[in-house]
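Counting from 1, the numbers follow the sequence of the chain as shown.
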Amino acid sequence: PPGSIAPVRLLCGDFLQTVGEWSSADVLLATSLCFPPELVSELEQAATALRQGARVICMQPCFGSGAFRPCSVVAPLPPPEPPHKVVMEMSFGDASFYLFERLPG
């Protein structure tokens, strides 16, 4: 109905230890700016548990090694910026986030 919102459930914890808690999510947000490459790889692997069509928002321009595809944002930045990038204001200044969609399989 008009004016209603979808239910939201926020989880805070070690995503590698709680995959079963978030694998049914529609949207996964990972503020992964300071993640070392090994941790990003572990997140990519864990995120393959998401259903087809689920979205991942992270701070890496590439994600998922074939299990995800870049997904255009509603108001893309002008070229040469990629269409799946959005800039958000954070406490430390502007930060880039990237949107991906889980592919079948």
Do [X] and [Y] have side chains that approach each other closer than 4.5 Å (heavy atoms only, starting at C-beta)?
X: Phe97; Y: Met90; value: yes
X: Phe100; Y: Pro70; value: yes
X: Met59; Y: Thr31; value: yes
X: Arg9; Y: Glu21; value: yes

Classify the ring geometry of Tyr98 against His84: parallel below 30°, tilted from 30° to 60°, perpendicular beyond 60°.
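The rings of Tyr98 and His84 sit tilted, inter-plane angle from 30° to 60°.
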Trp22 and Phe15 aromatic ring geometry - parallel, tilted or perpendicular at 30°/60° bounds
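Correct class here is perpendicular.
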Counting only heavy atoms not in Glu42, do more than 12 sit closer than 6.0 Å to its CD atom?
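Yes, the 6.0 Å shell around CD holds more than 12 heavy atoms from other groups.
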In Å and rounded to the nearest 0.5 Å, what is the SG to CZ distance from Cys58 to Phe68?
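Output value for this atom pair is 9.0 Å.
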Any sub-3.5 Å donor-acceptor pair from Arg102's side-chain atoms to Thr48's backbone N or O?
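Side chain of Arg102 to backbone of Thr48, a donor-acceptor pair under 3.5 Å: yes, one is there.
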Go through the steps to decide whether Val86 and Leu99 satisfy the test side-chain contact (heavy atoms from CB on, under 4.5 Å), and finish with yes or no.
CA-CA 8 Å; Val86 64; Leu99 179 63; over 6 Å; no
Do Leu28 and Leu50 pass the side-chain contact (heavy atoms from CB on, under 4.5 Å) test, and can you show the C-alpha distance, the side-chain angles, and the key distance before you say yes or no?
CA-CA 9 Å; Leu28 174 65; Leu50 292 167; 4.2 Å; yes
Please give me the minimum heavy-atom distance between Ala47 and Val56, naming the atom from each residue.
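Heavy-atom minimum between the residues: CB-CG2, 4.5 Å.
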